Amino acid sequence: MGKLFIVPTPIGNLEDMTFRAIRVLQEADLILAEDTRTSGKLLKHFEIATHMHSHHMHNEHKTVENLISRLKTGETIALISDAGTPAISDPGFLLTRACVENGIDVECLPGATAFVPALVNSGLPNDRFVFEGFLPEKKGRQTRFLALAEETRTMIFYVSPHKLVKTLVEFVQYFGEDRPVCVCRELSKLHEENARGTAAEVRKHFEAKAPKGEIVVVVGGKLDKKESRAKNQD
């Protein structure tokens, strides 16, 4: 049997690439990349010459069977996404599940992912949290918000820049204007920004300043009655 390696790649700063990740990518028989053009720049930078195949959300259902066959013949395959850890709001789950079902070893390397530094940077409680990823576009969006309005854990969302203001408006609508929010933008990059405040304050900030780049939004959970009274007394 071969082995599947899940390999995180930097979310912006190339210095976050680990020595182990470079070695695994160099030694693999094949690298599966979400976008070979984007990953090609990364591989060139670290002088990695391993052959790449495209593996993304539009073809992963069709390619899994062939990849399992290759792994069964003894090949080592490394899976990467455009940035961060594969399978976290990126392709990777289907292949990982198929490997587990077929008794093929899977090893995920520790490394870069966007939501962990965003959670820590936010200053919001991180002992218990829920990762929501991308919210539904249309169908099910209101239902999700109504359910999350009662969530007491800190919540983490991935939001595209052109939908950030709309999403912040919805946070005010469903969670209340005083709910604490932190918008983390361009993490690990030159123009990193962590905009903290109430949902209403952060909304106004980005209404005045159009957001750009990759965005993670961290939202405080709903306080229970006891916590709410204590906060009001403070």
Side-chain angles (χ1 to χ4, degrees), residues 8 10-13 16 57 81-85 87-90 111-234:
I11 59 174
N13 192 323
D16 292 334
M57 63 180 293
S81 61
D82 288 347
T85 301
I88 304 295
S89 293
D90 278 323
T113 188
F115 79 82
V116 173
L119 174 62
V120 176
N121 281 343
S122 72
L124 293 169
N126 55 30
D127 55 331
R128 297 173 68 245
F129 61 90
V130 56
F131 175 73
E132 286 292 321
F134 290 100
L135 287 161
E137 293 290 332
K138 295 179 180 179
K139 185 178 180 181
R141 191 175 179 92
Q142 182 181 37
T143 302
R144 180 72 63 84
F145 269 120
L146 290 171
L148 291 174
E150 301 302 315
E151 177 60 65
T152 59
R153 295 168 293 182
T154 298
M155 297 170 281
I156 305 167
F157 303 89
Y158 286 166
V159 182
S160 58
H162 68 281
K163 293 179 181 175
L164 178 61
V165 171
K166 172 192 172 183
T167 303
L168 291 169
V169 168
E170 291 171 316
F171 286 164
V172 171
Q173 177 185 351
Y174 290 100
F175 302 156
E177 62 180 14
D178 293 329
R179 187 69 71 91
V181 169
C182 178
V183 173
C184 303
R185 190 179 63 82
E186 294 290 84
L187 285 166
S188 83
K189 300 177 185 177
L190 180 63
H191 300 292
E192 177 175 331
E193 177 185 18
N194 295 286
R196 305 176 183 89
T198 65
E201 290 169 343
V202 176
R203 181 200 69 199
K204 289 179 182 178
H205 172 76
F206 285 105
E207 284 176 339
K209 177 186 177 183
K212 297 180 181 179
E214 301 293 326
I215 293 171
V216 184
V217 184
V218 185
V219 182
K222 180 180 180 180
L223 297 178
D224 61 29
K225 292 181 180 180
K226 184 178 179 180
E227 291 173 320
S228 183
R229 284 196 299 270
K231 182 179 179 182
N232 290 334
Q233 289 173 357
D234 291 341

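Computed from heavy atoms alone, side chains included, the values below leave out hydrogens, waters and symmetry copies. This one's a predicted model, so the numbers in the text were calculated from it and none came from an experiment. Residues: numbered from 1 along the sequence shown.
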Worksheet entry | Criterion side-chain contact (heavy atoms from CB on, under 4.5 Å) on Val219 and Val217, from CA distance to verdict | CA-CA 7 Å; Val219 182; Val217 184; 4.0 Å; yes
Worksheet item: Does any N or O in the side chain of Arg196 come within less than 3.5 Å of the main-chain N or O of Asn121, such that one atom is a donor and the other an acceptor?
Response: yes
Worksheet item: Can you check whether Leu148 reaches Phe175 side chain to side chain, under 4.5 Å on heavy atoms?
Response: yes
Item to complete: Check Ser81 against Asp90 and note the closest heavy-atom contact, atom names and distance.
Response: OG-OD2, 3.6 Å
Worksheet item: Which pair of non-hydrogen atoms, one from Gly133 and one from Ser89, has the smallest distance, and what is that distance?
Response: CA-OG, 3.9 Å
Worksheet entry | Interatomic spacing from NZ in Lys209 to NE2 in His205 - rounded to 0.5 Å | 4.5 Å
Practice prompt. Can you measure from CD1 (Ile156) to OG1 (Thr154) and round to the nearest 0.5 angstrom?
Written response: 7.5 Å
Discussion item. Any heavy-atom pair between the side chains of Glu192 and Asn194 that's under 4.5 Å?
Written reply: yes
Worksheet item: Less than 4.5 Å apart, any side-chain heavy atom of His191 and any of Lys212?
Response: no
Discussion item. So which atom in Ile215 and which in Pro161 form the shortest heavy-atom distance, rounded to 0.1 Å?
Written reply: CD1-CA, 3.7 Å
Worksheet entry | Glu214 bridged to Lys189 by N-O distance under 4.0 Å | no
Worksheet item: What are the two closest non-hydrogen atoms of Pro10 and Ala112, and how far apart are they?
Response: CA-CB, 4.1 Å
Item to complete: Could you tell me the separation between the CZ atom of Phe134 and the OG atom of Ser160, rounded to the nearest 0.5 Å?
Response: 7.0 Å
Item to complete: Tell me, with the steps shown, if Tyr158 and Phe115 meet side-chain contact (heavy atoms from CB on, under 4.5 Å).
Response: CA-CA 8 Å; Tyr158 286 166; Phe115 79 82; 3.8 Å; yes
Practice prompt. Please say whether more than 12 non-hydrogen atoms of neighbouring residues, nucleotides or ligands are located less than 6.0 Å from CD in Glu177.
Written response: no
Discussion item. Any non-hydrogen side-chain atom of Thr113 less than 4.5 Å from a side-chain atom of Phe131?
Written reply: no
Worksheet item: Counting only N and O atoms by type, is there a donor-acceptor contact under 3.5 Å from the side chain of Thr85 to the main-chain atoms of Ile88?
Response: no
Worksheet item: Ser188 side chain to Asp16 main-chain N or O, any donor-acceptor pair under 3.5 Å?
Response: no
Worksheet item: For the atom pair CZ (Arg203) and OG1 (Thr167), what is the distance rounded to the nearest 0.5 Å?
Response: 13.0 Å
Practice prompt. Taking all heavy atoms of Glu186 and all of Gly213, pick out the closest pair and write down the distance.
Written response: OE1-CA, 3.1 Å
Practice prompt. Begin with the C-alpha distance, continue with both residues' side-chain angles, and end with the deciding distance and a verdict on side-chain contact (heavy atoms from CB on, under 4.5 Å) for Gln142 and Glu170.
Written response: CA-CA 9 Å; Gln142 182 181 37; Glu170 291 171 316; over 6 Å; no
Worksheet item: In Å, rounded to the nearest 0.5 Å, how long is the span from CG of Asn13 to CG of Leu190?
Response: 10.0 Å
Worksheet item: Atom CG of Asp82 and atom CD1 of Ile11: how far apart are they, to the nearest 0.5 Å?
Response: 13.5 Å
Worksheet item: Any idea which heavy atoms bring Ala114 and Leu187 closest together, and the distance?
Response: O-CD1, 3.4 Å
Worksheet entry | Carboxylate-amine/guanidinium contact Arg141 Glu137, below 4.0 Å | no
Worksheet entry | Sub-4.5 Å side-chain heavy-atom contact between Phe129 and Leu119 | yes
Discussion item. Can a donor-acceptor pair be found, under 3.5 Å and without considering hydrogens, that links the side chain of Arg179 to the backbone of Gly220?
Written reply: yes
Item to complete: For residues Val130 and Glu151, determine if any side-chain heavy atom of one lies less than 4.5 Å from a side-chain heavy atom of the other.
Response: yes
Discussion item. Between Glu150 and Ala147 (side chain of the first, backbone of the second, donor and acceptor by atom type, cut-off under 3.5 Å), is there such a pair?
Written reply: no
Discussion item. Is the ring pair Phe145/Tyr174 parallel, tilted or perpendicular, if the boundaries are 30 and 60 degrees?
Written reply: parallel
Response to the item:
The residue among Val165, Val183, Leu164 that forms side chain to side chain contact (heavy atoms under 4.5 Å, CB included) with Val202 is Val183
